[in-house]
Every structure is written in C-alpha cells, then in structure tokens.
2 protein chains.
Amino acid sequence: MKTNNGAPHVASLEPEYRGNENPFGAGGISDSGVDCAQCSLRELCFPPNLADEEMRNIDVLGGKRRKLVRGQSLFRAGYPFESLYVVKTGFFKTEVLTEDGRTQVTSFPMAGEILGMDGISTEAHSCDVIALEDSEVCLFPFHEIEALSAQMSALRRHLYKILSREIVRNQGLIVMLGTMCAEERVVAFLLNLSERFAARGYSPVEFHLRMSREEISSYLGLTIETVSRAFSHLREAKLIDVDKRHIHLFDIPGLQALLAKPAAAKNIFQ
Amino acid sequence: MKTNNGAPHVASLEPEYRGNENPFGAGGISDSGVDCAQCSLRELCFPPNLADEEMRNIDVLGGKRRKLVRGQSLFRAGYPFESLYVVKTGFFKTEVLTEDGRTQVTSFPMAGEILGMDGISTEAHSCDVIALEDSEVCLFPFHEIEALSAQMSALRRHLYKILSREIVRNQGLIVMLGTMCAEERVVAFLLNLSERFAARGYSPVEFHLRMSREEISSYLGLTIETVSRAFSHLREAKLIDVDKRHIHLFDIPGLQALLAKPAAAKNIFQ
DNA sequence: CGCAGTTTTGATTCATCTCAATTTGTGTGG
DNA sequence: CCACACAAATTGAGATGAATCAAAACTGCG
C-alpha cells in the first residue's frame, strides 16, 4: 500500500481501452487469450495459492472480456443472470430498483470488484450496473464457474467467501444509512474511497470522483444540496479540499475522528 | 399460503422447548436423531427434489440442535465462524456492530431462516445474534456442508443461492433506509412481517411482535418515539390496530398503497 | 460565445429528533 | 392481593438537521 503523499499524482483509473459502442447483447465481448495468471488483479479475483494446473482451468474460464463506454449498462434489473463479472478497468455504479419505483445507488465498484452476485438467487438480476467511465470487465459464465467449483475446493470456498463478503459490505452500508448524520455519511464515503484507492496503489489522499453529486447523494440517502453543503463545510474545516470532482483529503485522522463519536454513546451501559 | 383472515387466530411461534440455561459453548447442543427429510422447514433449508440418498447425507449433517432461552446469544461479533444455523423455532435479532461503536439491528430471523452467513467471509462473525424468545436452531458445521457441497451439486447451488438471496434482501433494506420516510419504513416493516408469517401458515393480518420498540426503531433507523407515533397515526387512519405488541392489519392494500407513491416520482423522466 | 446541465449557496419549511412528562405494563416483596 | 419500583411505550412541546424551493455560479460542449 504505497501512499503517494504530497506528489500531485492523482489516482487515475483511466480506461486502457476505447470505443465499442454496441449497447447490448453479446456485442462488445472479446476473446483475446487472456492470461489470468498474469493479471494484476489476480489476488482479488481468485483464491490464493492455486496450483498451476488449477490456474489453467481458470484461464479457460475467464477468457472473455467486455468493454463498456461511459453510461452503458453491463446488465439491468430483470435481465437473466448468466455471468459474474470482475471489473478490469474503469468505474461503475450499481442501482437497485424496487417494485414501488424507488431507486438507489448501492455501490461504486472499481477494479477487482465483482459484479452480478445479486443474480444467482433468482437467476435474474435485481439491479442495474452502469459504467461511470469507459470500462472493461472480465466475464465468468456462472454455470462454468459453478461446474469448476465442484472439483476445485479452493474456488468453491472462494466463491462462498466472496458472497459472504458482499453480505458484510452491505451490512456496513445499512449501519451507515441507519445511524449516521449527513456529514458523517459523506466522510464515511470519502474514507471508503480513499481506502479502496490505496489498496490499488493509488493515492489515498488525492483522487478524482467518477460519480456525480446526484449519484453520491443517492448512495448516501441524502439530497444533492446536503452533500454539497457537507463538502463545503469539510473544506471550511480544512479537512479536505474539493474542487468539482477532484478531492484532496488533508487530514485523514481528523476525518476518522468525526466518525468515532456517534450518538450511540448510550450503548456504553449495555 | 393460507391466510386465516378474520378468525381470532393469532400467529404463534411459541417455542416447543424450554429450559437449558447454559449460556455458551457446546452447552445446549443436543443430538437427538433429527430427521431433516421429515422437517416441515425442509423446503426452506434445502434444495428441492433431493434424491433419498442425498437427503440421508443431509440428515447426517444436520443432526445437531441448540436451544436458546430468551436473551441468549447464538454467537457474537468476533466469534470464530463454525456453523450455519437454521431457525427451527422462535425468533431472533441480528445486530451489527461497527468499529466506531455504532449498533444496528439488521434483521429479525424466524423459522426456516438462515443465520451465520456473515461469518464465511473472514471466518469470524460480524454481528451478534440474539434470541428474542426461547428458540431452537439446527446446526450445520460449515466445513461439513462445504465438503458435502463438493459432491452434491444441488446443495452447492443452493448455498450459492442462499447467500445471493441474503445480498438481495440487504439491498431491500438499504433502499428502505435510503429512500423511505418514517411512516413508510414502519409500514414496510409490518408488511414484511405479515408476508413472512403468511409464508409459514400464520395469519398475515394478526400477529404478535417479538421485538421491543427499541429494536424496531434500531432496525428502521428511527427513534422509539417516531416509531410509536407512526403506529398511532396508522391506527388513527384505521389501517391497523396496535395494542402493545399485538398487531392487527385491517387494510393491507391500503398499507401497500402508502408505499407506492414515493418521492422518486422524478424518475419518471429518466 | 451562448446554452444546458451541474454544482453551490441561500432562505424557508418540514420531518424527525430531543427532552420531558404521563401512562401502561411487569415483576417483587410485604 | 396490593403497594411499589422499574421498564416499556405513548404523547406532547420545542429544537434542529435535512429537504425543499429558488437563484446564482460554474462547467463543458457545440
């Protein structure tokens, strides 16, 4: 985890690939002899310590990729579930839609994160996934993963863990929405992005937001104006600098401290 | 799904079992030759259409049960993950605890629902599970399930689906917390309980709350007072009757209608 | 350069929280 | 069985944080 403090190095997950406007279907899928064993995201996609032979199985599995242009959807709610996806480059949002017409952004997946797990349950997706910038995903047809997981216990356990990790991640979001005030939510959001950039070798203190205020506010269960005011207030407090979508965190411990004094002080006596 | 409308039949999930005050450890686990094939919860626990032979495998797996008295914890955050559990009788709450000392109830599991899936990811639990009344769970040591799932594709797929279903369930909670106002949350909570009682053959219109107002308000991200006022308001509107923990839903379509007109009307133009 | 969309900022309203008091329910011991 | 204390739930009044409404500033794009 290098930090790149100071230097004007902005975290950049700019897409390596361009073009491909095909909005749907199998279009946009390439099969370009991908080598998962060499992939820098390997430890995010797969269980550690695989034997060479096992890794070859996975190469067969993960031979396909799909490119998406900004704004394009990877899948939408109701689409039949076919694959899991790993973000190779770029940035996405997932948006949940309910029967009664409500909509909420529930995550902002980035490189190495897995998409599509919602679909396993009913064999249809329950959310939209949309690229926030030109992006690329690796495609893993689920029936193939599933079959391979019969023989490869490491893969099977990894799948169980990935699904469970998503459950725990969502629990964190639930607690945020249920217990934090507006400014705390914004801080939690920034610190979460910071950590995830850091884990990928980018600066945890300076980065570019790929999502609009609207998308942030949806994710945080707030209005655009409240998010904007929270940013301004944090800037006045010299904790961050915000210039449009460019974020600079001046004082991460200070930001963390804002989260550490919750109204849940009552719990001390439990 | 029988409805039992009208009749003064109150949903009763009273425990069949009593006693056993052992607060922890292996205490309270019985091995009483359970027969999963005959269990009325079978279709909730296991994949459908298992061959007899496969069902015998599962019987071996699920031979253990654990009884809990009201207030006792099945596990707590930080405990090493060992088993998945299925609620046999009774009622629970799951409570998530964050590093910064926040707490929130995230579900109220009842008969047939599965507990412990949060632990797979890190091999330690991330929440507390506490019995709201004297209860009993069936115990499935995860390493045994996991091993059996190598041979039994139906079980393996069922596990993937169960984990995915929990992800989707949490998404619903996220949208509720992110988009609904206080009264809507309370209505959503009541309708959710109603459906789950109905699915178990109990009355969907008349039931007893096992949880306190405090626990409800934590789950809904509100204060006790706001929940209480919402109950009173719904009673004044003749949609429900509330008497302490006894709930009677007079007008389910009317309640559903309260959820159908969200602030997300703006989305019409997207 | 101008126009549409996005973001910020300000003024006001409103929903929910907070604080406080009352009611109701529950358990205990005389 | 009743009196009492204690906990849970309701209700009211007032404070406040976030939403809403409105306008200005900024950005990007043709």
Side-chain angles (χ1 to χ4, degrees), chain A residues 70-71 93 102 104-105 132-133 176-190 208-237 240-247 258 261-266 269-270, chain B residues 70-71 93 102 104-105 132-133 176-190 208-237 240-247 258 261-266 269-270:
Chain A
R70 183 179 166 185
K93 66 171 172 180
R102 287 165 213 267
Q104 188 172 357
V105 174
L132 293 178
E133 59 185 23
M176 182 193 75
L177 292 170
T179 71
M180 290 188 186
C181 70
E183 191 166 291
E184 289 172 331
R185 294 185 203 187
V186 170
V187 169
F189 166 73
L190 291 175
H208 191 78
L209 300 176
R210 271 74 179 177
M211 65 295 284
S212 67
R213 296 287 189 273
E214 169 108 45
E215 286 154 347
I216 296 172
S217 64
S218 169
Y219 177 72
L220 298 177
L222 302 168
T223 58
I224 295 182
E225 295 94 322
T226 300
V227 171
S228 181
R229 275 184 254 268
F231 277 142
S232 299
H233 186 240
L234 292 169
R235 183 176 36 203
E236 285 158 23
I240 69 173
D241 188 41
V242 202
D243 179 21
K244 182 100 172 121
R245 294 192 176 189
H246 187 93
I247 298 284
L258 287 183
K261 43 173 183 178
K266 54 189 170 189
F269 301 105
Q270 281 181 0
Chain B
R70 182 178 165 184
K93 66 171 172 179
R102 288 166 213 267
Q104 187 172 357
V105 174
L132 293 178
E133 59 185 25
M176 183 194 75
L177 293 170
T179 71
M180 289 187 187
C181 69
E183 191 167 290
E184 290 173 331
R185 294 186 203 186
V186 170
V187 169
F189 166 72
L190 291 175
H208 192 78
L209 299 176
R210 271 75 178 176
M211 65 295 284
S212 68
R213 295 289 189 272
E214 171 109 45
E215 287 154 345
I216 296 172
S217 63
S218 169
Y219 176 71
L220 298 177
L222 301 168
T223 58
I224 296 182
E225 296 95 324
T226 300
V227 171
S228 182
R229 274 184 255 269
F231 277 143
S232 300
H233 186 240
L234 293 169
R235 182 175 38 203
E236 286 158 22
I240 70 172
D241 188 42
V242 202
D243 179 20
K244 182 95 174 128
R245 294 192 174 190
H246 187 91
I247 298 283
L258 287 183
K261 41 171 183 178
K266 55 187 172 190
F269 300 106
Q270 283 183 358

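The chains referred to below are lettered A, B, ... by the order of the sequence lines, with proteins before strands, and numbering in each begins at 1.
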Practice task
Nearest whole angstrom, please: distance from the P of C:dC14 to the CD of B:E183.
Solution key: 17 Å

Handout entry: Verdict with reasoning, B:R210 to B:E215, per side chain to side chain contact (heavy atoms under 4.5 Å, CB included)
Key = CA-CA 10 Å; B:R210 271 75 178 176; B:E215 287 154 345; over 6 Å; no

Exercise for the section: Would you mind reading off the bend of the helix from C:dC1-D:dG30 to C:dG30-D:dC1 from its two end axes, five pairs each, to 10 degrees? Expected result: 30°

Can you give me the N/O atom pairs linking the protein to nucleotides 5-11 of chain D at distances under 3.5 Å, or say none if there are none?
| from | atom 1 | to | atom 2 | distance (Å) |
| --- | --- | --- | --- | --- |
| D:dA9 | OP2 | B:R213 | N | 3.2 |
| D:dT10 | OP1 | B:R213 | NH2 | 2.9 |
| D:dT10 | OP2 | B:R213 | NE | 2.7 |
| D:dT10 | OP2 | B:S228 | OG | 2.9 |
| D:dT10 | O5' | B:S228 | OG | 3.0 |
| D:dT11 | OP2 | B:S232 | OG | 2.4 |

Practice task
Would you mind reading off the distance between B:H208 atom NE2 and C:dG25 atom C1', rounded to a whole angstrom?
Solution key: 12 Å

Problem - Value in whole Å for how far the P atom of C:dT9 lies from CG of A:L234 - result: 12 Å

Practice task
Return yes if some donor-acceptor pair links the side-chain N/O of A:S228 with the main-chain N/O of A:I224 below 3.5 Å, else return no.
Solution key: no

Exercise for the section: Apply side chain to side chain contact (heavy atoms under 4.5 Å, CB included) to B:V227 and B:E214, showing your working. Expected result: CA-CA 9 Å; B:V227 171; B:E214 171 109 45; over 6 Å; no

Problem - Distance test, side-chain N/O of A:T223 to OP1/OP2 of D:dA18, below 4.0 Å - result: no

Exercise for the section: Without swapping roles, check the side chain of A:R185 against the backbone of A:L177 for a donor-acceptor pair under 3.5 Å. Expected result: yes

Practice task
For A:H233 and D:dG17, give me the distance from atom NE2 to atom P, rounded to whole Å.
Solution key: 11 Å

Exercise for the section: Go through B:D241 and B:R235 one step at a time and tell me if the side chain to side chain contact (heavy atoms under 4.5 Å, CB included) criterion holds. Expected result: CA-CA 5 Å; B:D241 188 42; B:R235 182 175 38 203; 3.6 Å; yes

Practice task
Give a yes or no on whether the backbone of A:K244 and the side-chain of A:R213 come within a donor-acceptor separation of less than 3.5 Å.
Solution key: yes

Exercise for the section: Report the residue from B:I247, B:V242, B:I216 that forms a side chain to side chain contact (heavy atoms under 4.5 Å, CB included) with B:L190. Expected result: B:I247

Problem - Atom-to-atom span, CG of B:L220 to C1' of C:dT16 - whole angstrom - result: 14 Å

Handout entry: Short side-chain to backbone donor-acceptor contact, A:E183 and A:A230, under 3.5 Å
Key = no

Problem - Whole-Å gap separating P (C:dT24) and NE2 (B:H246) - result: 19 Å

